[in-house]
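Input: a single structure, listed below in structure tokens.
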Protein chains: 2
Amino acid sequence: MEPIYLRIFNDIEAKILAGDWRPGHRIPREHDLVDDYGCSRMTVSKALAALVDRGLVVRKRKTGSFVASPQIDRTVMDIQDIGTEASLAGYEHRYKILARRIETLDSVEAAQLDSTSGAEVLRIQCLHIVDGKPTAVERRIILLDTVPLARIESFAAAPPAEWLLSQVPWSKAKHVIRAVPADAATARILEIDRGEPCLNLIRQTWQNDRLVTYVEITHPGDRFQFAGIFHPAKNPRHVDSPTG
Amino acid sequence: MEPIYLRIFNDIEAKILAGDWRPGHRIPREHDLVDDYGCSRMTVSKALAALVDRGLVVRKRKTGSFVASPQIDRTVMDIQDIGTEASLAGYEHRYKILARRIETLDSVEAAQLDSTSGAEVLRIQCLHIVDGKPTAVERRIILLDTVPLARIESFAAAPPAEWLLSQVPWSKAKHVIRAVPADAATARILEIDRGEPCLNLIRQTWQNDRLVTYVEITHPGDRFQFAGIFHPAKNPRHVDSPTG
DNA sequence: CATATCTATTTGTATAGTCAAAAGTGGATC
DNA sequence: GATCCACTTTTGACTATACAAATAGATATG
């Protein structure tokens, strides 16, 4: 038998991840959940505290509990969004959409992405310029089934990574980081020599087992690095943490 | 006023991080902590649950609660240890200590490591061989002030990373991942050409603001990648595996 | 000898309350 | 209008207790 607090946790998590409860949506107050599940307040509290820790919920006395704005886990964030990182480091960041078209996945690509063949996707190529220098090529595929709004998005206001984060909560992400030699096309775009070492990040992001996006980001090895400072979870996380 | 459960949490965390309670040490049982702190069992339980989540404690019914073997934070994308990762992925792993000597840090290096000049360190160079192929050069510095036992350790039974993890809990880690061309020495050791793209990981690990170790690990770009699957703040698994 | 069973210990989950702290609301007063 | 205070809602911390589940260790059995 699944513990009650886990059932509550899972129910609410599912609603949020399914997009049923959007960010800002008010979660039933403890008292209501007590009634709904026929359990004690402590049990409800345990579930909600775990959701706070999971980053899906924020709580405030007197005001209530709300679905949190989707936020990348801080330890993943470090390699998440070039623009954010650049401006955190005090650099100027621009980007240019080099290509943008809607396609259907052929079977080879579909298999590669672990997705279904024939799905409609938006394919984007984007150059990131940090401090005046070309710093990354971003080649991205967005599944239009999962993110229909992408069809009409121009990415003029925010680059694809940032726009997606504001649209879709993610439930799973897979990263691969490699060192690769620059191919001809990449070398031209990044203004480096062919064969130069490049840092290559591939990320797939899912929402409830539906692929949201596949992206490959290639950085010149001499102009970019991934860095992060990590602490083992600082304040008590997970269960019954007060300050969040 | 600090909540009781936080006080308990902090007290125990401090003891573990200070090395006062070593991995495997039995933590007082809930009942004893109830007596010690004059609070209820639920409060103690909350603190211990948080410590479990924090990764510092493991608990088992009837047996008790124990200081966990130090582990890399699960949400951190990182190779905790090549050997472990390799065998998880089903590969055979060997390693060879190429060099081992005790030195004192000169001022240049000390500044680089953000440490004090004149400190005694153990400097190790180590080659990792996965599936019969040279897969990583590990160049490591261990601060003997922080880890005195390293002075007499031969690393015959376990490679430095694994040995350190079993010895020292960490409270902070800094990672840098880059793509670099192989220099002459590295190329020779890894049996690749000079200039070939290599994946380069630098990690510094601290225990309570005292540097434990500085390590630079260089992988051939075509034989290694970092990969990780993340679920926001859950129990992400990460796998760093040799590529074909 | 091995093996199955019982028992005591320790953690895990849950209840049904109490009191406290934060913070939004509205009302009294200037 | 503006300011301060009391009121109310909602979360945060905690108690004292209960019973369940896992299991190490002792005991009984074949």
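Just so we're on the same page: letters track the sequence lines, and every chain starts at 1.
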Once side-chain hydrogen bond (donor to acceptor under 3.5 Å, both in side chains) is applied, do any residues pair with B:Arg26, and if so which ones, sequence neighbours excluded? none
Report all side-chain donor-acceptor pairs from residues 16-24 of chain B shorter than 3.5 Å, counting only partners two or more places apart or in another chain.
{"from": "B:Arg22", "atom 1": "NH2", "to": "B:Gln167", "atom 2": "O", "distance (Å)": "2.6"}

Would you kindly say whether A:Arg140 and A:Thr213 are connected by a side-chain donor-acceptor distance under 3.5 Å? yes
Could you list the residues that satisfy side-chain hydrogen bond (donor to acceptor under 3.5 Å, both in side chains) with A:Asp36, not counting sequence neighbours? none
What residues, two or more places apart in sequence or in another chain, satisfy salt bridge (charged side-chain N to carboxylate O under 4.0 Å, His left out) together with B:Arg178? none
Ring pair (Phe, Tyr, Trp, His ring centres under 6.0 Å) filter on B:Trp163, not counting sequence neighbours, yields B:Phe155
Can you list the residues that meet the salt bridge (charged side-chain N to carboxylate O under 4.0 Å, His left out) rule with B:Glu153, with sequence neighbours excluded? none
The criterion is salt bridge (charged side-chain N to carboxylate O under 4.0 Å, His left out); which residues satisfy it with B:Arg7, sequence neighbours excluded? none
Heavy-atom contacts under 4.0 Å between residues 25-34 of chain B and DNA chain D, which residues? none
Any residue meeting ring pair (Phe, Tyr, Trp, His ring centres under 6.0 Å) with A:Tyr214, in chain and number order, not counting sequence neighbours: none
Going by the rule salt bridge (charged side-chain N to carboxylate O under 4.0 Å, His left out), which residues pair with B:Arg61 if we only count those two or more places apart in sequence or in a different chain? none
Please list, for nucleotides 14-24 of chain D, all pairs of protein and nucleotide N/O atoms separated by less than 3.5 Å.
{"from": "D:dC14", "atom 1": "OP1", "to": "B:Ile4", "atom 2": "N", "distance (Å)": "2.5"}
{"from": "D:dT15", "atom 1": "OP2", "to": "B:Ser40", "atom 2": "N", "distance (Å)": "2.8"}
{"from": "D:dT15", "atom 1": "OP2", "to": "B:Ser40", "atom 2": "OG", "distance (Å)": "2.9"}
{"from": "D:dT15", "atom 1": "OP2", "to": "B:Thr43", "atom 2": "OG1", "distance (Å)": "2.7"}
{"from": "D:dA22", "atom 1": "O4'", "to": "B:Arg61", "atom 2": "NH1", "distance (Å)": "3.3"}
{"from": "D:dA24", "atom 1": "OP1", "to": "B:Lys60", "atom 2": "NZ", "distance (Å)": "3.4"}

Just the endpoints, please: which first and last nucleotides of DNA chain C, 5' to 3', lie under 4.0 Å from a heavy atom of chain A? C:dT13 to C:dG24
